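Here is the structure we will look at, set down as structure tokens.
Because the structure is predicted, anything quoted here is derived from the model rather than measured.
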Amino acid sequence: MLLVISVLTTVFSTLLRPWIGIIAYYFLAILGPQYIWWWTFDGLRVSLWVAIATFGGITFALVKHGLDFTFFRTRLNFWLFVLWLNINISYFLGPYVSQFAASGLSPEQVYSVTNNIFLFYFCSTLVINGPKSLRYLAFVFVIASLYLIFWANNQYFTQNWSQFNMGRLMGPHRLDGSSIYGDENAFAMLFVTAIPFIYYLGLAIPKVIYRYLVWLAIPFGWHAVFLTGSRGGLIGLLITVFIVVIQSKRKLLALPLILAFIIAYQWQGGSIMKQRGQMIADYQGESSAEMRVTAWSAGLKMIASHPITGVGIGSFITALPHFSDTTPRVAHNTFIQFTAESGLGAGFAYLMILGSFLNNCRQIRNCCKNNKHHAEIPIIHLLNAASTVSFIGLITCSIFLSLNIYEIFFFLLIFNNTLMVYCMQLNTSLSDGIDIEQT
């Protein structure tokens, strides 16, 4: 009954304020409550109702008073549209799309999921248009992540070994095995991207005791990554910790933070995580790493053979036996996966998205320096820092993982796109003597 009441309240609120639907959608996409409490969500297509209400709310807003398309018409979104266009072309013209999928999701399923992700991202740019809505978006991300950190550690402390695959923690899943975090690496990436948000949320809390209570979740987040046994997750953690230390004004915290991470790894890293971690630098003689290199080589051959259309979205595994003798598998590299499946145009667009994001981060940071006395600058700075650290950790891991339909990637783009446009408007309004909050 509580679930039905919550869904109905969200649906009706979304019709009046569509940004609520966007926040609800990403909360469901990140937490995945239908996999944690599957018996309660069974038969209730909550995401579908939220999606319908969001589209309805956006339509009503467009008809009633129009929408601000400034946040939609950005360089970042242009390259995202180019990427989306190439993906669509590869689905209809890719030579391996119609063939039987060797394993995993079929091209039709990947295409459907991809379109939903892109569509909701572009919808978000129409209604998420300032620090206020971004605060709510960051808040639900932190809440969802804190619960999953608790859930992950609870599986270990209660010795629920059925949740582990060969010693590696899997994400929540239904009885049929379906899950958004079925892959241990994908589950690890959640914690890698969430921990910077938890850290910077703590900085926004004025009372020291509450700040440290929030930060207490960070070592448990590290432990959650250790439980997944993900080498990509371990690299991501190292990168995010290093960047936080570099960016921090509290340089005295650098040494304690690094020491805390080393102690946590040595104490709770576990034999599987440590064994896999030692293999990061030396891939020779380690089958998983060698197969990654072989898959990358095969991916480059696919690009050379089908530079325009690629082999087709969701068809890397199907096409791999035609280019290599290795076991069918994904590319384990996001750039190669995009380019091999959807052509050079998709690969170039993906790189431009990364470049646009990092360039936007720099401009947002400059805006914060130039407008220090504006009321919204502190929250803009924290949101930009959190999303930047998370994004760098994610794209570093994407060198070793295929994260093409990873929702959190697009989630972080929302922060970057919105903050960039808002800062441009802020600079213009201040130069003209206008208070953007009043307008």
Tell me whether the centres of the aromatic rings in Tyr181 and His173 are closer together than 6.0 Å.
no
Without swapping roles, check the side chain of Asn185 against the backbone of Ser230 for a donor-acceptor pair under 3.5 Å.
no
Please report whether the ring centroid of Phe410 lies less than 6.0 Å from that of Tyr406.
no
Do Asn165 and Arg168 have a side chain donor and acceptor closer than 3.5 Å?
no
Grab the two heavy atoms, one from Arg329 and one from Leu320, that are nearest each other, plus how far apart they are.
N-CD2, 3.5 Å
Arg17: which residues meet the salt bridge (charged side-chain N to carboxylate O under 4.0 Å, His left out) condition with it, sequence neighbours left out?
none
Quiz question: by atom type and distance under 3.5 Å, do the side chains of Thr70 and Asp68 form a donor-acceptor pair?
yes
Could you please spell out the steps behind the ring pair (Phe, Tyr, Trp, His ring centres under 6.0 Å) verdict for Trp79 and Tyr350?
CA-CA 7 Å; Trp79 289 113; Tyr350 173 71; over 10 Å; no
Only one of Phe409, Phe71, Phe197, Phe141 forms a ring-ring contact (aromatic ring centres under 6.0 Å, His included) with Phe415, so which one is it?
Phe197
Do Thr125 and Asn417 pair up side chain to side chain, a donor and an acceptor below 3.5 Å, judged on atom types alone?
no
Can you confirm whether Asp42 sits close enough to Trp38 that some side-chain heavy atom of one is under 4.5 Å from a side-chain heavy atom of the other?
no
Applying salt bridge (charged side-chain N to carboxylate O under 4.0 Å, His left out) as the test, list every pair that has at least one member in residues 105-122; sequence neighbours left out.
none
With salt bridge (charged side-chain N to carboxylate O under 4.0 Å, His left out) as the rule and sequence neighbours excluded, what pairs involving residues 147-160 come up?
none
Hey, is the main chain of Leu76 close enough, under 3.5 Å, to the side chain of Ser356 for a donor-acceptor pair?
no
Quick one: does Ser342's side chain get under 4.5 Å of Leu83's, heavy atoms only?
no
Backbone of Tyr199 reached by a side-chain donor or acceptor of Trp215 within 3.5 Å:
yes
Tell me the closest heavy-atom pair linking Ala144 and Ile30, and the distance in Å.
CB-CG2, 4.1 Å
Run the side-chain hydrogen bond (donor to acceptor under 3.5 Å, both in side chains) test on Asn160 and Gln155 for me, step by step, so that the C-alpha distance in whole Å, both residues' side-chain angles and the decisive distance to 0.1 Å come before the verdict.
CA-CA 5 Å; Asn160 182 18; Gln155 306 311 303; 2.7 Å; yes
Holding to side chain to side chain donor-acceptor pair (under 3.5 Å), I want the full list of residues that pass it with Tyr200, two or more places apart in sequence or in another chain.
Gln247
Quick check: does any side chain N or O of Thr339 sit under 3.5 Å from a backbone N or O of Ile336, one acting as donor and the other as acceptor?
no
Stepwise side chain to side chain contact (heavy atoms under 4.5 Å, CB included) check, Leu412 with Glu407:
CA-CA 9 Å; Leu412 296 175; Glu407 199 95 47; over 6 Å; no
Ring-plane angle category for Phe391 and Phe357, please: parallel below 30°, perpendicular beyond 60°, tilted otherwise.
parallel
Between Asn154 and Phe150, is there a donor-acceptor pair closer than 3.5 Å when you use the side chain of the first and the backbone of the second?
no
Mind telling me whether Trp37 and Phe41 have parallel, tilted or perpendicular rings, with 30° and 60° as the class edges?
parallel
When you look at Phe338 and Phe335, which way does the ring pair (Phe, Tyr, Trp, His ring centres under 6.0 Å) test go after all the steps?
CA-CA 5 Å; Phe338 266 131; Phe335 169 73; 8.9 Å; no
Under the 3.5 angstrom rule, does the side chain of Gln337 hit a backbone N or O of Ser402 as a donor-acceptor pair?
no
Atom pairs and distances, side-chain donor-acceptor, residues 111-122, under 3.5 Å, sequence neighbours left out:
unit_1, atom_1, unit_2, atom_2, d
Tyr111, OH, Asn88, OD1, 2.4
Thr114, OG1, Val110, O, 2.7
Asn115, OD1, Trp84, NE1, 2.7
Asn115, ND2, Tyr111, O, 3.3
Asn116, ND2, Ser112, O, 3.3
Tyr121, OH, Asn77, OD1, 2.6

Let me check something: any side-chain donor-acceptor pairs from residues 129-139 under 3.5 Å, sequence neighbours excluded? List them with distances.
unit_1, atom_1, unit_2, atom_2, d
Ser133, OG, Gly130, O, 3.2

